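For reference, the structure discussed in these notes is given below.
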2 protein chains.
Amino acid sequence: MTDDRRSAGAPTLEDVARAAGVSRATVSRVINGVRNVDPAIQEVVRQAVSVTGYAPNRAARSLVTRRADAVALVVSGAGVEAESGAGAAAGDGGSFTAQVFADPFFGRVVTGVVDYLRPRGMHPVLMFAETSRDRDEVVGYLRQGSADGALVVSTHAGDPLPGLLAEAGLAAVLFARPARPVPINYVDLAHQDGARLAAEHLLARGCRRLATISGPLDVPAGRARLTGFRDTLARHGHAYTPVAEGRFTQESGEAAMERLLAEHPDLDGVFAANDLMATGACHVLREHGRRVPEDVAVVGFDDSSAALACRPPLTTVRQPVEAMAAEMARLLLDRPTGPSSPATSVIFEPELVVRASA
Amino acid sequence: MTDDRRSAGAPTLEDVARAAGVSRATVSRVINGVRNVDPAIQEVVRQAVSVTGYAPNRAARSLVTRRADAVALVVSGAGVEAESGAGAAAGDGGSFTAQVFADPFFGRVVTGVVDYLRPRGMHPVLMFAETSRDRDEVVGYLRQGSADGALVVSTHAGDPLPGLLAEAGLAAVLFARPARPVPINYVDLAHQDGARLAAEHLLARGCRRLATISGPLDVPAGRARLTGFRDTLARHGHAYTPVAEGRFTQESGEAAMERLLAEHPDLDGVFAANDLMATGACHVLREHGRRVPEDVAVVGFDDSSAALACRPPLTTVRQPVEAMAAEMARLLLDRPTGPSSPATSVIFEPELVVRASA
DNA sequence: GTGAAAGCGCTAACAA
DNA sequence: TTGTTAGCGCTTTCAC
């Protein structure tokens, strides 16, 4: 009886040790791949492990190693207090999370993060921070040691989360430079260069009456793409560029295109600051009887799945989101963990992808 | 010195207890909201908590409670050994994860799950299982106690994961009935009823030469939607219904529409088994000079964001994905945990959403 | 109503 | 190279 009184719960190190006739420490060494263990014993232990069906208890391990083998992947929203409380019936553009996933962009971030994490036995815990209460939850979660750090994607300017994280001395990496400087690592894209590529392509194609649908101007990326586009045109002798501001959604892209068309019915080329808005622009152009690209050429930004889904397929500026996301994870985990080490940033270069729309 | 030698790491229960002048046990009781604690003492403890900035260590707690306060949200892919290894450069339709997120459907699942989990202080850990190695990882993860159960969404028929989970006696709930019966809880939609709604709408609209773009026929949902559509038409005197099989992607919807159009140039109504394929169908129809809905009416399925993004906006069959996902979580966590309790299934009713495409 | 003490399962010194 | 031992921080009987 005394022998298998443990038979109840899951097998523990102790069980394996007994089965293999060695100490817990030795089993632990084998499992963690520590050297200095007799090959013969290693084999015995491995046998015992598979016989008992042992799986190490992660909580126990975390307790002593002080690592969670998990990272928080947080999508951080408005700085304002929406306190919207979610609600099940999300028609569309409804709850924050629904909105987030409407852009194929976020899926690519997940892809990149998972690809980096998985080979390392780590996993992302999904968190959405919209209200200040949510943000406290994220900070609390990390302080509890539930995750080894945070990967944060802000959807709005002036997001307070990066500041809170930095203040609490928690490990974190941002996707994109924060609107206001915060001492945190981040990865970003050379947005201006991307916009320049778009402008040059449109110009080379012969377009002369260009306009742009910008992203939100309080977001650094939105502003940079506009600046890059405008400056390039200016350098080529186009002093004035009509702008309609969008919010990176297809719907806002449609509205912006309507405005642009109303004020400049003769335009022959449009640069939209992301693919979703470019798709919306294409819809509106077609509804107004303009052919894309014959009458009006359209260039998008991101090279997300929306670019391929669009009719015609979008010529766009590729943002290597997956690689950027993987780099975020690397920055978070590979760092010399010194809280004193200066904030690093890694900037990626965009690339023009020519398809049918321009 | 002896007094604050703990100042190093994060504050522990011990620290709070000392600051409050009570025992660890009492602090623990207050924190966990256990009754039988003097209100005055509760207050003192709360003070001490905020003074010390205490946050309970989750690993330590999990170790004793045997709960992780996390669930695995797993997207499970092919039964076949792809061993594709991911790879950073996901052009599109590339890596498994990228493909998953290309359908707005999955984002809605996340939304529903998070909405349910969050108020309960729990979080979803994202996992993707494509190869058998991945599946073992998922099983191992749960066996380690890293999550309290799994919420699984299979993208392919014959996915072995549900079986593995059931076999290992792990808590799990599926989205959609498994292709082959497995003793596991699941939530699902009355697909046939949904397809019936689509058929009746098309018929009521006056369409007489109908066709359908089905989902993969080895997936129960794909088959059920086809059956429901076909049977309804048959009941209304339409003995034969042309079918083109798709794979639930926009691209496959385009290809299917091309085939349908080639063989039945006179069709006046199409039911696509999801919105992505319906969108693809609209593109192809337009390219062939057919107006939607004047020449050909199109009905989709899901009511995902793709339905609204489409031009014209899709008339579609709404699948309450968020509510279904929340129900999955509820089933997983609210159950009397008896491994002997019989498998439950909750079936949701679809609803027709009429927009412009039909 | 409160405290003392016994672990939960594991890793990491330190001995041997 | 291997075993012994001391915790990691928390919850939870069990006395008081």
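Values below: every heavy atom of this structure, side chains too, minus hydrogens, waters and symmetry copies. Only a predicted model underlies this, so the values are computations on that prediction, with no experimental measurement involved.
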| message | Which residues pass the side-chain hydrogen bond (donor to acceptor under 3.5 Å, both in side chains) test with B:E43, not counting sequence neighbours? | response | B:Q47
| message | Test of understanding: with salt bridge (Lys or Arg N to Asp or Glu O under 4.0 Å), list the residues that count as partners of B:D148, not counting sequence neighbours. | response | none
Using a cutoff of under 3.5 Å, can you pull out all pairs of nitrogen or oxygen atoms linking the protein to nucleotides 1-3 of chain D, with atom names and distances?
{"unit_1": "D:dT1", "atom_1": "OP2", "unit_2": "A:N36", "atom_2": "OD1", "d": "3.3"}
{"unit_1": "D:dT2", "atom_1": "OP2", "unit_2": "A:D38", "atom_2": "N", "d": "2.6"}
{"unit_1": "D:dG3", "atom_1": "OP2", "unit_2": "A:S23", "atom_2": "N", "d": "3.0"}
{"unit_1": "D:dG3", "atom_1": "OP2", "unit_2": "A:S23", "atom_2": "OG", "d": "3.1"}
{"unit_1": "D:dG3", "atom_1": "OP2", "unit_2": "A:T26", "atom_2": "OG1", "d": "2.6"}
{"unit_1": "D:dG3", "atom_1": "N7", "unit_2": "A:R29", "atom_2": "NH1", "d": "3.4"}
{"unit_1": "D:dG3", "atom_1": "N7", "unit_2": "A:R29", "atom_2": "NH2", "d": "3.4"}
{"unit_1": "D:dG3", "atom_1": "O6", "unit_2": "A:R29", "atom_2": "NH2", "d": "2.5"}

| message | Applying side-chain hydrogen bond (donor to acceptor under 3.5 Å, both in side chains), can you list everything that pairs with A:T65, at least two apart in sequence or on another chain? | response | none
| said: Under the rule for ring pair (Phe, Tyr, Trp, His ring centres under 6.0 Å), what residues qualify as partners of B:Y116, not counting sequence neighbours? | reply: none
| message | By the salt bridge (charged side-chain N to carboxylate O under 4.0 Å, His left out) test, which pairs, at least two apart or in different chains, include something from residues 60-78 of chain B? | response | B:R67-B:D69
| Counterpart residues, side-chain contact (heavy atoms from CB on, under 4.5 Å), relative to A:A72 (two or more places apart) | A:V74, A:M127, A:L142, A:A147, A:A150
| said: Going by the rule side-chain hydrogen bond (donor to acceptor under 3.5 Å, both in side chains), which residues pair with B:R24 if we only count those two or more places apart in sequence or in a different chain? | reply: B:E14
| Contacts of type side-chain hydrogen bond (donor to acceptor under 3.5 Å, both in side chains), residue A:R330, not counting sequence neighbours | A:E327
| task | Note the angle between the end axes of the helix from C:dG1-D:dC16 to C:dA16-D:dT1, five pairs defining each, rounded to 10 degrees. | result | 40°
| task | Just jot down the ring pair (Phe, Tyr, Trp, His ring centres under 6.0 Å) partners of B:F106, sequence neighbours excluded, or say none. | result | B:F101
| said: Expected output is a numbered-order residue list: members of residues 62-70 of chain A with a heavy atom under 4.0 Å from any atom of DNA chain D. What is it? | reply: A:L63, A:V64, A:R66
| Is A:R18 paired with A:D15 through a side-chain N to carboxylate O contact shorter than 4.0 Å? | yes
| request: May I have the distance from A:R61 (atom CZ) to D:dG9 (atom C1'), rounded to whole angstrom? | output: 18 Å
